[in-house]
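A short worksheet on the structure shown next.
Predicted model only: the values in this text are computed from it and were never measured. Order of appearance sets the numbers: ligands from 1, and atoms from 1 within every ligand. Both backbone and side-chain heavy atoms feed into the values below; hydrogens, waters and symmetry mates do not. Counting begins at 1 with the first residue of the sequence.
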Amino acid sequence: MSSITKTKNNDDHSVPVTLGKKPSYQPAHPVEASKTACIRTFGCQMNVHDSDRMRRMVRDAGYAEVQRYEDADLVVLNTCYVRENAVDRVKGHLGELNRLKREGRVKKVALTGCIGAASESADLRKTYEIDLILGTHNTYELAEFIGLPGMEETFTPELRGIEGEHSAFVTIMTGCNYQCSYCVVPSVRGRMVCRPLENVVEEVRRLVRSGTRYVTLLGQTVDAWRGEDSRRFYDLLERVSEEAPRVWFTTSHPSNMEDRTLRLIGEKETLVKKLHLPVQSGSDRMLKVMHRGYRADRYRRKIEVFRDAVTDGTLSTDLIVGHPGETEEDHEETLRLVEDCSFDSAYVFKFSPRRGTEAAGMPGTVPEGVAQRRFMEVLRAVEQNAFGRNQTKVGKVEEIYIRHGRTGDGKAVGETWSGHAVHVPTYAVAGRYVTAEIDSAGPHVLYSREPSGPPR
Ligand code: SAH
Ligand code: SF4
């Protein structure tokens with residue numbers, strides 16, 4: 001998958017640069033691998049993070065990691081359940097795996113992640129041969145399945161980042177207490193559980209000591225985080241920003257986002273100046289139907305605070321088109337909001353009915369043709385804004401953090417402090433900084449000249 005296409009309509013909802021990445025984790029005591037495993041990730045950063053942990057388990061159990069199913073004794077599909085096409089894709093993979101199993105080329109298939117946690121996984125078992133199904137709360141049981149003793153204890157702090165990685169995820173909360181009409185997350189990930197502040201800080205310190213230079217705080221609604229002594233996400237972010245050299249967080253909910261947190265992004269040098277704040281719709285009527293808990297103007301005001309406090313920052317969002325009951329007027333309101341907020345990128349999704357959610361049973365289905373047109377209109381509006389904004393970066397000299405070393409096209413993929421993705425012609429490896437002038441810009445990505453000076 002492209003590492004830059006931020007405006008899209010597929011299942012891989014996350015900051016794309018971490019997806020499909022070949023892990024650089026090495027076991028402390030390398031073992032001669034006689035078995036092979038392949039781990040495929042679908043969906044968000046939470047899943048990418050879970051996959052990294054499972055990767056560590058299979059390696060510790062003596063498996064070599066391979067990229068192709070036909071080379072693997074064990075295949076783990078770590079899945080997403082958020083939209084129906086995500087499930088369809090997984091079914092396609094299960095079909096192929098069953099064929100390979102019959103041919104004796106794959107021995108075991110494990111299904112983990114959000115589909116594993118959903119009741120639908122039982123139906124899948126009727127159609128496909130699956131050896132192990134795990135939800136998101138018991139991923140550590142994979143350890144037992146692959147013959148690692150006593151792993152439960154090691155992995156119970158389920159939220160750990162992986163030491164020695166240049167960039168690491170730190171989960172600060174799991175689950176979600178909202179009940180958005182369309183969303184399966186609360187039913188598969190459960191209610192919100194917050195990790196204690198000191199525990200997070202300790203973890204960040206440990207990672208930084210081990211060489212991590214970029215920490216991303218993760219959760220479905222990170223800004224809903226609550227700690228002891230009525231501490232809020234603001235307090236946690238401030239602490240973490242003092243511990244790590246580069247920090248970002250995702251995802252936030254507009255109802256929880258405090259103005260002081262937005263200002264903190266502008267104030268703290270270590271915070272990447274990028275905000276992902278899903279709005280879903282620009283129509284008050286639809287926001288109410290969706291149970292989002294805010295009006296479009298309140299969202300606009302938050303964005304004003306962010307733009308004032310973080311003058312050179314980037315803003316991204318999630319938008320759903322074609323939710324049941326969405327009228328042409330509602331759609332126009334969304335286009336108006338997109339115009340007003342001038343997003344730097346957006347994930348635009350066509351509504352997908354999910355079993356068990358309120359929206360799945362709602363009247364007022366939007367015909368596919370209409371949803372597709374609205375989808376394209378929103379996408380175009382976002383891209384136009386983004387292109388215009390990206391153009392203003394041309395000619396600027398930027399400090400760029402390398403997220404991926406050089407790929408096939410000879411360019412590394414980096415990120416500016418403003419949160420822009422940049423393609424850089426450099427041999428610098430992931431985790432290093434270079435300084436380079438921005439040469440040109442498209443709607444999704446900037447391009448730089450060769451860096452001046454060596455990587456740092
Ligand atoms: N916790 C995050 C979002 C998790 S799901 C938040 O609240 O922001 C990621 C995105 O998928 C959502 O923001 C929404 O835009 C989209 N999404 C979720 N359920 C969907 C559905 N049933 N159909 C279409 N898009 C959906
Ligand atoms: Fe889903 Fe809404 Fe919770 Fe986000 S806030 S995970 S969209 S229920």
Side-chain angles (χ1 to χ4, degrees), residues 6-16 42-48 79-88 113-115 117-118 120 136 171-193 217-225 233 249-257 275-282 286-294 299 302 315-326 334 337-338 343 345-362 365-366 368 371-372 374-375 378-379 382:
K6 281 198 176 176
T7 308
K8 61 202 176 125
N9 177 36
N10 64 19
D11 310 320
D12 296 321
H13 176 263
S14 66
V15 171
F42 303 82
C44 67
Q45 277 113 329
M46 263 52 84
N47 281 6
V48 174
T79 59
C80 172
Y81 193 57
V82 159
R83 286 166 294 278
E84 190 59 34
N85 53 355
V87 181
D88 289 343
C114 292
I115 298 183
E120 199 170 330
T136 47
T171 306
I172 63 163
M173 51 89 69
T174 57
C176 175
N177 283 356
Y178 286 89
Q179 287 289 334
C180 299
S181 57
Y182 50 83
C183 186
V184 291
V185 169
S187 68
V188 293
R189 294 256 176 192
R191 289 190 62 82
M192 173 166 84
V193 178
L217 303 177
L218 268 193
Q220 289 294 350
T221 53
V222 282
D223 51 347
W225 181 92
F233 177 65
F249 57 90
T250 195
T251 299
S252 306
H253 191 292
S255 297
N256 298 110
M257 184 48 74
L275 175 69
H276 183 66
L277 197 60
V279 64
Q280 313 300 359
S281 171
M286 287 316 295
L287 289 170
K288 193 156 180 214
V289 172
M290 291 174 170
H291 309 305
R292 290 292 292 178
Y294 53 87
Y299 184 88
K302 294 269 162 224
L315 170 71
S316 60
T317 197
D318 292 348
L319 291 152
I320 298 179
V321 299
H323 185 285
E326 187 189 64
T334 295
L337 181 124
V338 166
F343 296 109
S345 66
Y347 298 91
V348 186
F349 303 107
K350 267 190 281 182
F351 170 74
S352 161
R354 311 303 293 123
R355 204 200 285 175
T357 62
E358 188 189 349
M362 278 183 190
T365 305
V366 176
E368 167 58 25
Q372 178 60 24
R374 290 181 188 168
F375 171 75
V378 173
L379 209 64
V382 170

- Please identify which atoms of ligand 1 are closer than 4.0 Å to at least one heavy atom of Ser352. 21 (C), 22 (N), 23 (N), 24 (C)

- Numbered atoms of ligand 1 (with element) below 4.0 Å of Phe351, judged on heavy atoms: 23 (N), 24 (C)

- Could you pull out, from Tyr182, Tyr178, Tyr81, the option with a heavy atom nearest to atom 19 (N) of ligand 1? Tyr182

- Message: Looking at ligand 1, is there an atom of it that comes within less than 4.0 Å of some heavy atom belonging to Arg83?
- Response: yes

- Message: I'd like to know whether Val279 forms a side chain to side chain contact (heavy atoms under 4.5 Å, CB included) with Leu319, so could you lay out the CA-CA distance, the side-chain angles of the two residues, the decisive distance to 0.1 Å, and finally the verdict.
- Response: CA-CA 6 Å; Val279 64; Leu319 291 152; 3.6 Å; yes

- Query: Is there side-chain contact between Arg292 and Pro254, with heavy atoms separated by less than 4.5 Å?
  - Reply: yes

- For atom 1 (Fe) of ligand 2, report each protein N, O or S atom nearer than 2.8 Å, sorted by chain and then by residue number. Cys183 SG

- Message: With nothing but distance in play, are any N or O atoms of Asp318 less than 3.5 Å from an N or O of ligand 1?
- Response: yes

- Item | Check: Tyr178 and Asn256 side chains under 4.5 Å, non-hydrogen atoms | yes

- Task: Consider every N or O of Thr221 and every N or O of ligand 1, then say whether any pair is closer than 3.5 Å.
- Result: no

- Item | Derivation of the side-chain hydrogen bond (donor to acceptor under 3.5 Å, both in side chains) call for Ser316 and His276 | CA-CA 5 Å; Ser316 60; His276 183 66; 2.7 Å; yes

- Item | Minimum side-chain heavy-atom gap Asp223-Phe249 below 4.5 Å | no

- Donor-acceptor pair, Tyr299 side chain versus Leu277 backbone, under 3.5 Å? yes

- Task: Below 4.0 angstrom from a heavy atom of Thr251, which ligand 1 atoms are there? Numbered from 1 as shown, please.
- Result: 2 (C), 6 (C), 8 (O)

- Message: With a heavy-atom distance limit of 4.0 Å, tell me whether Arg292 approaches ligand 2 through its side chain, its backbone, both, or neither.
- Response: side chain

- Is the closest side-chain heavy-atom distance between Glu120 and Tyr81 below 4.5 Å? yes

- Item | Distance-only polar pair, side chains of His323 and Ser181, donor-acceptor under 3.5 Å | yes

- Item | Structural part of Val82 in contact with ligand 1, heavy atom criterion under 4.0 angstrom | both

- Item | Part of Pro278 with heavy atoms under 4.0 Å of ligand 1, whether side chain, backbone, both or neither | side chain

- Query: Does the side chain of Met290 come within less than 4.5 Å of Ile320's, by heavy atoms?
  - Reply: yes

- What do the steps show when you test His291 against Glu358 for side-chain hydrogen bond (donor to acceptor under 3.5 Å, both in side chains), and what is the final call? CA-CA 10 Å; His291 309 305; Glu358 188 189 349; 2.6 Å; yes

- With heavy atoms under 4.0 Å as the rule, classify the contact between Gln220 and ligand 1 as side chain, backbone, both or neither. both

- Task: Evaluate the side chain to side chain contact (heavy atoms under 4.5 Å, CB included) criterion for residues Thr136 and Thr174: first the C-alpha distance (whole Å), next the side-chain angles of each, then the deciding distance (0.1 Å), finally the verdict.
- Result: CA-CA 10 Å; Thr136 47; Thr174 57; over 6 Å; no

- Query: Counting N and O atoms only, with roles assigned by atom type, does the side chain of Gln372 sit under 3.5 Å from a partner on the main chain of Glu368, one being a donor and the other an acceptor?
  - Reply: no

- Check whether any N or O atom of His253, backbone or side chain, sits under 3.5 Å from an N or O atom of ligand 1, and answer yes or no. no

- Near His253 (heavy-atom distance under 4.0 Å), the atoms of ligand 2 are 5 (S)

- Item | Shortest non-hydrogen contact from Cys80 toward Phe42 | CB-O, 3.8 Å

- Out of curiosity, is Lys350 lining ligand 1, as in a heavy atom under 4.0 Å away? yes

